[in-house]
Amino acid sequence: MAFASDAPKDGFRLSMLIYDTRYRSYTIQIVVLVLFAMAVAWLLNNTAQNLAARGKEFNFAFLWQRAGYDIGQQIIPYTNDSSHFRALLVGLINTLVVAFFGCIFATVLGVVIGVLRLSKNWLVSRLMTVYVEIFRNVPLLLWILLTYVILSETTFQPKDFRLTDEMVAAGQPPLASMMFFDSVAVTNRGTNIPSPLFERGLGTVDLGFLSLNLTLLAVIAVIVGSVWVNRRILASARVTQEATGIRPVTWWKSILVLFAPIIVLLVAMGFHLEVPTLQGFNFKGGILIAHSFTAMVIALTLYTAAFIAEIVRAGIQAISRGQSEAAFALGLRPGRTMNLVILPQALRVIIPPLISQYLNLTKNTSLGIAVSYLDLRGTLGGITLNQTGRELECMLLMMLIYLTISLTISAVMNMYNKSVQLKAR
Amino acid sequence: MKKSVFFGALAATTMVAGLAGATTLDDVKARGELICGSNTGLTGFGAPDASGNWTGFDVDLCRAIAAAVLGDAKKVKFVPTTGETRFTALQSGEVDLLVRNSTWTFSRDTELALDFVAVNYYDGQGFMVRKDLGVSSAKELDGATVCIQTGTTTELNLADFFKQNNITYQPVTVADDSEGQRQYLAGACDAYTTDASGLAASRATLPDAENHVILPEIISKEPLGPVVRHGDNNWGDVVRWTYYALLIAEEKGITSANIEEVLASTTDEEVKRLLGASGDMGVKIGLDNAAFKNAIAAVGNYGEIFARNIGEGTSINLARGLNALWTQGGLQYAPPLR
């Protein structure tokens, strides 16, 4: 290193770009950058040339054309007269709904299994090991197909629910019957549940591409308001308790605040349930939760939970024994030690890998096409792509959307991660 | 290193450009093999049998073209494509042509930059239901769950049909015919809809075919035919005229069995041109003069192909109907070979 200070001072020579350590790293970086730019330019040029050779132009105008096809599962209104963009939205929402429920259930199940895997009960911990090893070592697609086949082939067909005249005459019950006071029907196509209806709903506001359901918004607002007021009541009770040593009685206030406003609102809007009934080929009325959706949520949950369980186990084992020993020394029982001492510290280790599991789960929803679940891959990347023949546009758009979803999840989780990290004091 | 990458890229570009320049006919001849995009498995139209040999109505057309171009009906490689992948496979050059129950429509012909060169089967979309459902017309399917193959014209026809008749349905979108059959048999849908010929083929493979009926309504026009890439007109001509040669052969009563006999004894000038005994019809489209003769000798005429694969007496049992020759009241009509 002593030689470096003796570097010649007689100006710059070209060979110094390679032989002089001061410049070499710049040279390498510039060369790599140029090569990368050339590779990108070649790819773009090749694509443009081949598109031109086939007489295809690159544009997204097709998104505003009439879609012309129907979608089985839809949360926002959609008909075959809607545009391809609307179909994209329907698919996107289907993707998000599956990902949302999948993430929640997988987290709950994963944490429970991860904790139980460390249980001192030999049988429980071994059972959990078996669960983790089975689920994370078989491809997700197979789990999805298996769940779907079980759901659709072990349940009754809608016509099995029908009571024919001959059955009445013979005094026989129908093959299958509805559950929960005749309000829920599980057929081989889906689960029919009652839907909430309002006689005097508040209607909807149309915002162009999406319409807001005011009734739903009002219900959410009242619930959020009630919970907030309840928290205030509990907080003031705590203040009184700390000041006087006596905790005022709050249970009746809590019940009143939590339940009275929402019941008043529901009665005012004429709330009632619409129960599905068998008419013609299928159950009508109520909400149909297709088995493709249920199978996706179940399979994604079980599969991802196995990974989350491992993350949770690793997180818990990262906390030093001293922590639980100290907690036991203070007289905390094992359950409280876990909830109050170990898990809050383990969270810091758990969250970063948990983010990638959420991202994986979200991206894995694109396997839905295997069970006819029309998510983003099924509408934009499937039917729209086929009917319009715009492979490049559809694929790029789909990649962009998945990227946006993933980055959003990542950003939100990173914010949460920051909030639970050890604060440097 | 920088140089070699650059020249590598340059060489790759030139190669791609070179490939794009050659015509499909030259490619096929140079390769010594025809690559034919086929169905993933539709009995009677295109499916591998127990020993892995592809057979079927569409498959025989591929074989006829291979016989015409390469002189050997066995020099065909079949690439199974689904409703979703078929056109991309053709556009990207993965297959030389597509013969797999594809409907000729305006947008496919124009926007997708494809050319439908002929119609080898005039079809229409129908519905299959279980007999015990007690349905006798597609208009009684209000509220039914319908299985439908994605990426097909049938998907759009279905939406239109139910809308026109002011009835509703619940679609179950499946990727291919076998998945559609599985869902239909499991009772996940009340009705299965696709081209009527495809329904007949599916029904033929069901273990209890007598318990299923195909409803009388035909809700669309589905002209099915071989497809080639737009812009390669010579290759389009080869496919088109090989197909017409099979039609003309039926019209003139030439079969794979009597072809040599006819060639020796005929006085009909068109037959002579067809079989390469006079004129230079084959050479004019870049083939051998005996090209059409080879095709007919290899797979027989259109009527033979139909009868052998899907005609009355086979398990699929389709009548000629619209696909009879024009002389017998059908729509199959070949322009004069002159």
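All chains are named by letter (A, B, ...) in the order of the sequence lines, taking the proteins before the strands, and each is independently numbered beginning at 1. These values consider heavy atoms only, across backbone and side chains, with no hydrogens, waters or symmetry-generated copies.
- Of all the heavy atoms in B:D190 and A:F281, the pair that sits closest is OD2-CB, 3.3 Å.
- No more than 12 heavy atoms of other residues, nucleotides or ligands shown are found within 6.0 angstrom of CE on A:M399.
- The number of heavy atoms from other shown groups lying within 6.0 Å of NZ (B:K163) is above 12.
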For side-chain contact (heavy atoms from CB on, under 4.5 Å), just list the numbers for B:Q170 and A:R189, CA-CA rounded to whole Å, side-chain angles, deciding distance to a tenth of an Å, and then say yes or no. CA-CA 10 Å; B:Q170 177 82 17; A:R189 291 163 193 179; over 6 Å; no

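- With respect to chain B, the highest number of heavy-atom pairs below 4.5 Å among A:N80, A:T384, A:D70 belongs to A:D70.
- In this structure, the portion of B:T152 lying under 4.5 Å from any heavy atom of chain A is its backbone and not its side chain.
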As a quick check of understanding, evaluate side-chain contact (heavy atoms from CB on, under 4.5 Å) for B:T173 and A:L374, giving each step before the final call. CA-CA 8 Å; B:T173 313; A:L374 286 183; 3.6 Å; yes

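- Neither the backbone nor the side chain of B:F162 comes within contact range of chain A; no heavy atom of the residue lies under 4.5 Å from a heavy atom of that chain.
- Within the 4.5 angstrom heavy-atom criterion, only side-chain atoms of A:Y148, from C-beta onward, approach chain B.
- Each of B:A186, B:A159, B:S107 has some count of heavy-atom pairs under 4.5 Å with chain A, and the biggest count is that of B:A159.
- Between atom CD of residue B:E179 and atom OG of residue A:S372 there is a gap of 5.5 Å, rounded to the nearest 0.5 Å.
- Looking at A:A370, the atoms closer than 4.5 Å to chain B (heavy atoms on both sides) all sit in the backbone: N, CA, C or O.
- Residue with the most contacts toward chain B among A:I369, A:V371, A:L288, A:D81: A:D81 (heavy-atom pairs, distance under 4.5 Å).
- Counting heavy-atom pairs closer than 4.5 Å to chain B, the top-ranked of the candidates A:G68, A:G190, A:A67 is A:G68.
- A distance-only check finds no donor-acceptor pair linking the side chain of A:N386 to the backbone of B:T150 [under 3.5 Å].
- When every heavy atom of B:P171 is checked against every heavy atom of A:G72, the shortest pair comes out as CG-N, 3.7 Å.
- Note that CD of B:E111 is 11.0 Å distant from CD of A:Q387, once rounded to the nearest 0.5 Å.
- If you measure heavy-atom distances from B:R182 to chain A, the contacts under 4.5 Å come from the side chain alone.
- Proximity to chain A involves both the backbone and the side chain of B:L141, based on heavy atoms less than 4.5 angstrom apart.
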